Amino acid sequence: MANKDNSERIERYIREQMTPEENEVFLNDLKNDKKLREEAQMMALLIKEMKGEQAKQDDAVTQAVLSAKKKVQTVKVVRWTLSIAAMFILIFGATIIWNRQADTDALFNQYYTPYEISSSRGGDDEAIEKELAELCNKVGTEKDMAPIIACLQTIYDNIQSNDEDYVDYSYYKNDIVWYLALAYIKDKNVDKAKELLKPLAENGRKEAAELLDIIE
């Protein structure tokens, strides 16, 4: 069962009713409180589903109007159903969890974790590992993402083009893509993040699939 206090805080955050201090505390809690993150994600998915339902109802209304065989009463029922969905969209529509600046911050805080060097990735070049750890951790600590994105994107592009100088980086490709996607989200470029997250999700990376489901 969802925690009532958490639900109220999430709703106040979505409605932009928090003070700057409360907003900062909420984003910090979102980063550290797994249950709060899960409830926020559920609400985001619910709102997304409501938008999908509205589109379905729009189609239903169109078909009802175009069909001469439909009774006027049926059209009214469909329109009444649509008005209920529209009411929720009007309340939440402009505040879906990834749709404004604070929302991308919340998503970033929810999914970012510091990069940890691990031998399980298969690479054995300590210099590369340290370089990537520094770059990926700057995604979390730096405000200006442009230089970090440029570095990670260059490495990724060279891996993709099979550049011989970047063969050893290929062991860390999935991590590079993940942190590059997070950097784009932090930089408010959701479309670029989607492009990177799709192949990760298809390859079975759970958090990539979850994040992609929210921002699509």
Side-chain angles (χ1 to χ4, degrees), residues 23-38 40-41 44-45 97-216:
N23 194 74
E24 183 178 353
V25 171
F26 177 80
L27 291 177
N28 186 61
D29 289 346
L30 191 67
K31 181 177 181 180
N32 298 304
D33 187 335
K34 181 179 179 181
K35 188 172 183 180
L36 178 61
R37 288 198 306 271
E38 290 174 348
Q41 183 177 341
L45 292 174
I97 288 205
W98 57 272
N99 199 38
R100 59 184 173 87
Q101 180 172 338
D103 296 336
T104 52
D105 291 341
L107 277 179
F108 177 81
N109 287 330
Q110 178 177 347
Y111 283 94
Y112 172 80
T113 55
Y115 184 87
E116 295 182 359
I117 297 175
S118 172
S119 59
S120 63
R121 294 179 176 88
D124 58 1
D125 191 316
E126 292 185 5
I128 289 177
E129 290 179 342
K130 289 180 180 179
E131 176 190 358
L132 292 178
E134 182 178 354
L135 274 173
C136 294
N137 288 331
K138 280 185 177 180
V139 173
T141 59
E142 300 293 322
K143 291 184 178 180
D144 184 6
M145 289 293 99
I148 301 167
I149 286 173
C151 290
L152 288 173
Q153 187 71 56
T154 297
I155 295 172
Y156 174 65
D157 290 342
N158 283 309
I159 293 173
Q160 290 295 91
S161 64
N162 296 316
D163 189 311
E164 291 183 0
D165 292 334
Y166 287 81
V167 170
D168 289 338
Y169 285 87
S170 62
Y171 293 106
Y172 311 93
K173 178 180 175 180
N174 287 344
D175 291 330
I176 292 167
V177 173
W178 173 245
Y179 282 92
L180 180 56
L182 289 176
Y184 276 120
I185 287 177
K186 189 173 182 178
D187 203 44
K188 322 304 177 193
N189 193 337
V190 176
D191 288 337
K192 288 294 293 184
K194 288 180 184 179
E195 294 176 10
L196 294 162
L197 290 170
K198 284 179 180 178
L200 275 185
E202 290 170 358
N203 288 333
R205 187 148 181 167
K206 182 180 178 182
E207 63 267 36
E210 291 176 356
L211 183 51
L212 183 62
D213 193 40
I214 293 173
I215 65 179
E216 275 193 323

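What's counted below: heavy atoms across the whole structure, side chains too, no hydrogens, waters or symmetry copies. One is the number of the first residue; the rest follow in order along the sequence. Just so it is clear, the structure is predicted and the values come from calculations on it, not from any experiment.
Interatomic distance, CG of Leu196 versus CG of Leu152, reported as 10.0 Å (0.5 Å rounding). With rounding to the nearest 0.5 Å, the separation of NZ in Lys173 from CG in Leu200 is 9.0 Å. Leu180 CG to Leu135 CG: the interatomic distance, rounded to the nearest 0.5 Å, is 10.5 Å. Taking CD of Glu116 as the start and SG of Cys136 as the end, the distance is 12.0 Å to the nearest 0.5 Å. In this structure, OH on Tyr179 lies 12.0 Å from CD1 on Ile176, to the nearest 0.5 angstrom. Separating the CG atom in Leu211 from the NZ atom in Lys194 is a distance of 11.0 Å, to the nearest 0.5 Å.
Across Asp105 and Leu27, no two heavy atoms sit closer than the pair CB-CD1, 4.3 Å. Residues Leu132 and Ile155 approach most closely at CD2-CD1, 4.1 Å, considering heavy atoms. The minimum heavy-atom distance between Ala40 and Leu30, with the atom names listed, is CB-CD1, 3.9 Å. Closest approach of Ala201 and Ala208 over heavy atoms only: N-CB, 4.0 Å. Closest approach of Ala193 and Ile215 over heavy atoms only: CB-CD1, 4.5 Å.
Legend: residues meeting side chain to side chain donor-acceptor pair (under 3.5 Å) with Lys186, ordered by chain and number and at least two apart, are absent. Applying the side chain to side chain donor-acceptor pair (under 3.5 Å) test to Glu210 and every residue at least two apart in sequence or in another chain returns Tyr111. For Lys130, there are no salt bridge (Lys or Arg N to Asp or Glu O under 4.0 Å) partners, not counting sequence neighbours. Looking at residues two or more places apart in sequence or on another chain, you find no side chain to side chain donor-acceptor pair (under 3.5 Å) involving Asp33. Residues passing the side chain to side chain contact (heavy atoms under 4.5 Å, CB included) test with Val167, sequence neighbours excluded: none. Applying the salt bridge (Lys or Arg N to Asp or Glu O under 4.0 Å) rule to Lys138 yields the partners Glu134; only residues at least two apart in sequence or on another chain are considered. Asn32 pairs by the side chain to side chain contact (heavy atoms under 4.5 Å, CB included) definition with Asn28, not counting sequence neighbours. Scored by the salt bridge (Lys or Arg N to Asp or Glu O under 4.0 Å) test, Glu24 finds no partners at all (sequence neighbours excluded). By the side chain to side chain donor-acceptor pair (under 3.5 Å) test, Tyr184 pairs with Gln153, sequence neighbours left out. For Asp157, there are no salt bridge (Lys or Arg N to Asp or Glu O under 4.0 Å) partners, not counting sequence neighbours.
Looking only at distances, no side-chain donor or acceptor of Asp187 sits under 3.5 Å from a matching main-chain atom of Ala183. With Asp213 contributing its side chain and Ala209 its backbone, the two residues share no donor-acceptor pair below 3.5 Å.
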Go through it in stages, so that I can follow the logic: the residues are Tyr112 and Ile185, the test is side chain to side chain contact (heavy atoms under 4.5 Å, CB included), and I'd like the CA-CA distance, side-chain angles, deciding distance and then a yes or no.
CA-CA 10 Å; Tyr112 172 80; Ile185 287 177; over 6 Å; no

Determine, step by step, whether Tyr115 and Trp178 satisfy the side chain to side chain contact (heavy atoms under 4.5 Å, CB included) criterion, reporting the C-alpha distance in whole Å, the side-chain angles of both residues, the deciding distance to 0.1 Å, and the verdict.
CA-CA 11 Å; Tyr115 184 87; Trp178 173 245; over 6 Å; no

Audit row: Ile128, Tyr171, side chain to side chain contact (heavy atoms under 4.5 Å, CB included) steps and yes/no:
CA-CA 10 Å; Ile128 289 177; Tyr171 293 106; over 6 Å; no

Under the criterion side chain to side chain contact (heavy atoms under 4.5 Å, CB included), I'd like the reasoning laid out for Thr154 against Asn158: C-alpha separation, chi angles, the key distance, then a yes or no.
CA-CA 6 Å; Thr154 297; Asn158 283 309; 3.5 Å; yes

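For Arg205 and Asp175, the salt-bridge test passes: some basic side-chain N is under 4.0 Å from an acidic carboxylate O.
Sorted by first and then second residue, the pairs that involve residues 129-166 and meet ring-ring contact (aromatic ring centres under 6.0 Å, His included), not counting sequence neighbours, are Tyr166-Tyr169.
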Mind listing the side-chain donor-acceptor pairs of residues 140-149 below 3.5 Å, one per line with the distance, residues two or more places apart or on another chain?
| unit_1 | atom_1 | unit_2 | atom_2 | d |
| --- | --- | --- | --- | --- |
| Thr141 | OG1 | Asn137 | O | 3.3 |
| Asp144 | OD1 | Ala146 | N | 3.1 |

